Amino acid sequence: MTIRLYDTSARQIRDFDPLTPGCVSIYLCGATVQAAPHIGHIRSGLNFDILRRWFEYRGYDVTFVRNVTDIDDKIITKSAEQGRPWWSIGYENERAFNDGYAALGCLPPTYEPRATGHITEMVEMMRGLIERGHAYEADGNVYFDVRSFPEYLKLSNQELDNLQQPSSAGETGKRDPRDFAMWKAAKPGEPSWETPWGRGRPGWHLECSAMAHKYLGSQFDIHGGGLDLIFPHHENEIAQAKAYGDEFARYWLHNAWVTMSGEKMSKSLGNSVLVSEMVKHWRPIVLRYYLGTPHYRSMIEYSEEALREADAAFARIEGFVQRVVELAGAVEPAAGVPAAFAEAMDDDLGVPQALAVVHTTVRQGNSALAADDKDAAAARLAEVRAMLGVLGLDPLDPRWAGGDDRGEDLHGVVDSLVRLVLDQREAARGRKDWATADAIRDQLQQSGLVIEDSPHGPRWSLGGR
């Protein structure tokens with residue numbers, strides 16, 4: 001089967017044809033670390049984590065680069081406001097992002113370069129662009145001459161005459177207001193690095209062109225990021241890289257946003273939901289299900305109700321897994337996923353359709369359990385585990401099943417205490433004291449536990465909140 005992906009630059013779904021057979025190279029625009037991440041930030045990393053996992057399932061060797069922007073206007077502004085070094089703010093929030101990615105089960109990137117670690121590569125690229133007539137120095141700034149590059153704005157499909165180029169204070173000496181800054185002249189008290197054109201710091205766009213070139217070469221397979229990066233960031237990356245002589249990315253993939261009240265989740269709007277707070281109220285695997293199962297090109301409208309629905313849907317999957325394990329013992333994932341699941345994933349990473357196959361298989365497994373068909377139930381669980389493994393959602397994976405010894409010990413303690421209470425409830429039911437039995441169940445549910453009566457006795461699990 002051929003993997004097909006929606007290429008923003010072509011505005012259509014294309015067959016994926018790797019630059020090197022059997023290999024995939026991916027560059028994802030990562031965090032700008034001026035603040036801790038909200039779930040909208042983490043969605044991008046999660047969507048591309050699933051893409052990476054699918055390529056690996058299909059047998060590809062994946063090189064995955066996700067950069068860190070550790071210097072920009074917002075970080076410098078926060079440094080002045082808080083009276084802290086810019087690098088301290090950046091490092092603190094970089095760790096918060098990595099904690100968020102890890103909490104939601106994202107695999108670590110092959111390389112995770114920081115912008116400030118690649119000033120040499122940026123200077124080299126600027127020098128080459130100036131020599132080729134695509135860039136110029138003015139007042140210690142270095143600008144890209146957009147009129148020198150005829151393909152400019154093809155990705156975002158804009159007209160140059162109508163362009164409003166974002167700019168910031170200090171960008172003086174432009175020949176054309178639509179030219180963009182690759183290097184910004186130093187200001188008093190701000191971090192800066194020495195260059196042939198004076199001390200300064202990198203512009204946002206230059207860093208990604210330089211780092212993609214360093215880690216993936218002059219041409220690579222896939223460049224990814226959020227929809228909001230198409231212009232100006234990705235458009236300017238293309239201009240710099242191609243004018244420098246690189247062929248750059250062959251496919252452009254963009255994930256949609258997480259919104260609140262119809263607006264993009266943003267710290268500036270005051271409507272962000274920090275990952276560090278969300279994981280205190282919702283299990284990380286449920287958050288991964290919530291953020292990772294809609295199609296990557298579909299908007300997610302955040303709401304507590306939607307999270308509760310995701311929690312309930314995933315609980316149905318977990319309940320099936322637990323029941324089969326109790327009946328049949330350990331069941332390893334199947335060697336391959338069902339054909340319908342693979343077909344959906346091959347078609348522009350169709351996770352919603354693939355997830356429908358998961359739930360259908362769960363229903364078939366539950367029917368097998370009801371018929372006391374142990375072998376059929378175990379076979380369905382093997383398929384479910386294979387599919388969930390691709391999505392990073394297998395509840396029996398050590399990542400989710402309690403790789404931390406203290407967590408396992410605590411679970412055992414809680415299980416013993418809950419079993420004592422459940423034994424009291426069973427004793428009450430045995431003497432037909434239904435009021436006491438119901439009161440015990442209700443009290444456990446108020447404590448955040450879900451109690452389920454099964455043919456093999458009562459079982460408990462944690463609720464979503």
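Since we're looking at a predicted model, the values are computed, not measured.
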Where the side chain of [X] meets the backbone of [Y], is there a donor-acceptor pair that is under 3.5 Å apart?
X    : Y    : answer
D70  : W87  : no
T293 : Y289 : yes
S367 : R363 : yes
N255 : R297 : no
N93  : A36  : yes

| query | For the rings on F220 and Y215, is their centre-to-centre separation under 6.0 Å? | reply | no
| said: For F64 together with Y27, are the ring centres under 6.0 Å from each other? | reply: no
Could you tell me whether [X] and [Y] make a salt bridge, using a distance below 4.0 angstrom between a side-chain N and a carboxylate O?
X    : Y    : value
R323 : E326 : no
K184 : E190 : no
D246 : K242 : no

| Which residue pairs satisfy the salt bridge (charged side-chain N to carboxylate O under 4.0 Å, His left out) criterion with at least one member in residues 228-241, sequence neighbours excluded? | D228-K264
| task | Would you mind listing every salt bridge (charged side-chain N to carboxylate O under 4.0 Å, His left out) that reaches into residues 98-113, with sequence neighbours excluded? | result | R66-E112
Quick one: list whatever passes side-chain hydrogen bond (donor to acceptor under 3.5 Å, both in side chains) with [X], sequence neighbours left out.
X    : answer
E332 : none
R58  : D346
Q353 : none

| Face-on cation placement of R14 at Y251 ring, 6.0 Å and 45° thresholds | yes
| query | Residues two or more places apart in sequence or in another chain: which of them pass ring-ring contact (aromatic ring centres under 6.0 Å, His included) with H234? | reply | H223, W252, H254
